[in-house]
Amino acid sequence: MLRLFGLLALLLLALALALSVGARPVSLAMALEALHSFDPTNPDHVTLAAIRLPRMAAGLIAGAALGIAGTIMQVMTRNPLADPGILGVNSGAAFALLLGATLLGRSDQASVALLSLPGAALASALVFILGGGLRGDVGPVRLTLAGAALNALLLSLVTAIVLIRQDTLDLFRFWVAGSLTQAASRPLAEMALLAAAGGALALAMAPQIEALSLGSALSRGLGTKPRRVQTAALAVVTLCTGAAVAVAGPIAFLGLMVPPLARIVAGHSLRRALIASALMGATLLLLADTLGRVVMPPAEVRAGIMTALIGGPVFMWVARRLRPGASA
Amino acid sequence: MKGALTLGLLLLAATLAALALGQVRLSPALLWQGLSTGEGPGALVLGTIRGPRVLTALGAGAVLGMSGALFQSLFRNPLAAPDVMGFTSGAGLTIIAAIALGLSLPLPLIAAGGGLLAALLVVALSHRRGHATPPLTMILVGLGVGFVASALSSFLLTLLPHTQAAEAQRWLTGSLAARDWSHALQVWAVGGVLGALALAQMRRLAALQLGEDLAAGLGLRVGAARLALAGTGVLLAAAGVAVAGPVPFVALMAGPLGIRLVAARQLHARLLAAAATGALVLVLGDLAARAALPGIQLPTGVMTGLLGAPYLLWRLSREMEKGEL
């Protein structure tokens with residue numbers, strides 16, 4: 001319980017930093033003032049309302065969603081390298097979104113954003129099957145390589161679209177690596193609802209998912225229906241990843257780093273681990289975004305690149321410890 | 001023998017098709033006239049645009065294919081290709097960095113530096129004291145190095161002004177657009193030297209494939225032999241990246257496909273088959289990229305990615321059936 005409060009305090013700190021740090025530093029007092037008595041002629045207030053608040057909200061949604069998606073993926077596949085980015089689920093959502101934006105002419109942000117859901121669902125189902133999921137044994141190495149291949153395929157398709165339609169290049173350049181800068185124009189409320197639905201489903205199904213991760217034979221003995229639990233897990237991953245990609249673009253490695261850290265805080269209960277992952281994912285993404293604003297002014301390093309730069313080494317570290325051939 | 005002939009004929013047919021097809025279509029008669037006499041309406045297209053482009057593709061495909069085959073034999077794993085293991089991403093990153101910083105070193109040198117750096121990182125990061133590094137661990141660590149290199153590349157991409165960014169994006173995807181004779185000459189000269197160097201090491205590779213202990217018993221200095229082979233492989237990949245960009249999957253596909261086509265058992269023959277297959281894959285990929293959609297030129301890498309990723313997936317399912325992963 002105490003640890004959970006610690007996480008909450010960290011998140012609040014990250015939120016405060018996300019509001020006040022940037023090209024135009026804003027004091028916290030000013031931020032609070034803007035919240036309760038907004039003055040449209042005060043440039044600080046405008047900065048906050050038009051840029052920082054949506055950006056902070058996007059970080060909160062995408063970070064928490066990716067933390068949950070990562071935890072569910074890692075538990076379901078018993079693979080410490082599972083992450084919506086590495087396994088191609090992000091790219092699936094991104095591809096569907098870009099395709100939709102190209103075909104529909106980007107007229108309605110909210111409905112285009114919804115396209116990320118079928119993209120994420122297809123990609124996660126595909127990678128699960130390719131990784132050997134239907135045979136009931138998902139080897140970590142196999143799954144990771146299958147994910148990398150799927151990623152490459154989807155990114156080739158994305159590149160093809162971008163190069164055929166030159167007008168999408170900038171959308172792609174600032175979006176495909178994951179960034180919170182466009183947050184104000186993204187459908188934040190809708191995606192927050194979807195991510196919340198995914199999170200709620202994850203919490204509700206946590207005991208069954210835990211049972212299934214012990215192995216399907218044992219879990220059947222405990223009265224779990226594997227297909228139903230797998231479908232629910234797929235729905236969680238789809239809702240969370242789809243929402244995250246729609247507000248922040250495909251941010252990789254957050255779902256990789258957060259779950260093991262959350263386990264340290266939460267212990268063995270999956271429910272607690274899920275809550276801790278959501279808090280930690282949001283905190284890390286907000287910090288990465290804030291850090292990206294200050295490391296190379298006036299240029300901004302996008303949040304997705306910051307998470308990749310931190311997460312890449314984590315990936316390698318986990319890969320070193322993995323025994324190839326072992327099934328867990 | 002029959003296989004080698006088939007492969008040779010395929011390569012010839014693909015080359016002729018790549019020379020004849022495109023936005024301006026040359027009839028066989030015009031193609032022959034242009035090639036044999038250097039005159040006629042075909043000569044201009046062949047001499048300034050398609051000739052150097054196709055020759056560059058052949059050369060780059062050959063060195064990438066050789067590099068892939070070399071690593072696959074060295075690690076005895078069909079997934080151990082320089083593009084899966086992050087070497088080509090490393091080479092791509094240093095080239096983008098050089099463009100962003102305005103450095104004017106020759107591209108092959110820059111690419112070689114990046115590729116070698118990535119390879120060193122993979123070796124260093126996957127090494128554990130007192131343990132032999134399993135090839136799969138090295139492949140996964142290489143995948144991670146590739147992720148980081150790609151992230152850095154796309155970061156540099158956002159710093160470039162719009163026109164340069166479009167150019168660099170094309171470049172990072174792997175492209176053969178606007179190649180001139182100097183590119184073709186470069187990849188054939190560098191590739192020729194490196195290819196000969198690789199062929200000269202085949203006996204050592206054969207000894208290594210017997211297993212480390214046996215190789216050492218035969219009087220081979222295992223560490224040095226491995227280092228020399230891996231170094232040659234990285235340089236071969238870099239030579240390809242320097243003229244064609246980090247085209248994905250050519251190196252991965254060439255070796256196994258070549259062996260399938262030629263059914264050779266000797267390592268020399270396998271390496272040459274991989275080179276020919278790499279050339280075939282890249283020439284066909286490039287032809288598809290510029291001729292698949294009328295009026296639109298896609299970068300070659302998009303096509304090899306679209307073909308190569310399904311290949312990798314199929315390969316994985318095969319490995320799975322054999323129970324090797």
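Contact annotation for A:L81: only side-chain heavy atoms (C-beta onward) come within less than 4.5 Å of a heavy atom of chain B. With a 4.5 angstrom heavy-atom cutoff, B:L298 touches chain A only via side-chain atoms. Interface residue B:F249: only side-chain heavy atoms are found under 4.5 Å from chain A. In this structure, the portions of B:V145 lying under 4.5 Å from any heavy atom of chain A include both its backbone and its side chain.
When all heavy atoms of A:A149 and B:L312 are compared, the closest pair comes out as CB-CD2, 3.4 Å. Nearest heavy-atom pair across B:T137 and A:A319 is CG2-O, 3.8 Å. Nearest heavy atom pair, residue A:L153 against residue B:A309, reads CB-CB, 3.4 Å. Closest heavy-atom contact between A:A160 and B:V302: CB-CG1, 3.6 Å.
The structure places CG of A:N151 at 6.5 Å from CZ of B:F147, a figure rounded to the nearest 0.5 Å. With values rounded to the nearest 0.5 angstrom, A:I129 atom CD1 is found 12.0 Å from B:L313 atom CG. Separation of atoms OG1 (A:T144) and CD1 (B:I139) is listed at 12.0 Å; rounding is to 0.5 Å.
Residue A:W317 qualifies as open at atom CH2: its count of foreign heavy atoms under 6.0 Å is 12 or below.
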Step-by-step side-chain contact (heavy atoms from CB on, under 4.5 Å) determination, B:V148 to A:F315: CA-CA 10 Å; B:V148 175; A:F315 176 90; over 6 Å; no
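Without hydrogens or angle criteria, A:R320 side chain to B:L125 main chain gives a donor-acceptor distance under 3.5 Å.
In terms of heavy-atom pairs under 4.5 angstrom with chain A, the leader among B:G142, B:P299, B:G301 is B:P299. Of the listed residues A:A148, A:G85, A:G312, A:S156, the one with more heavy-atom pairs under 4.5 angstrom with chain B than any other is A:S156. When the candidates A:G311, A:A146, A:P313 are compared by the number of heavy-atom contacts under 4.5 Å with chain B, A:A146 comes out ahead.
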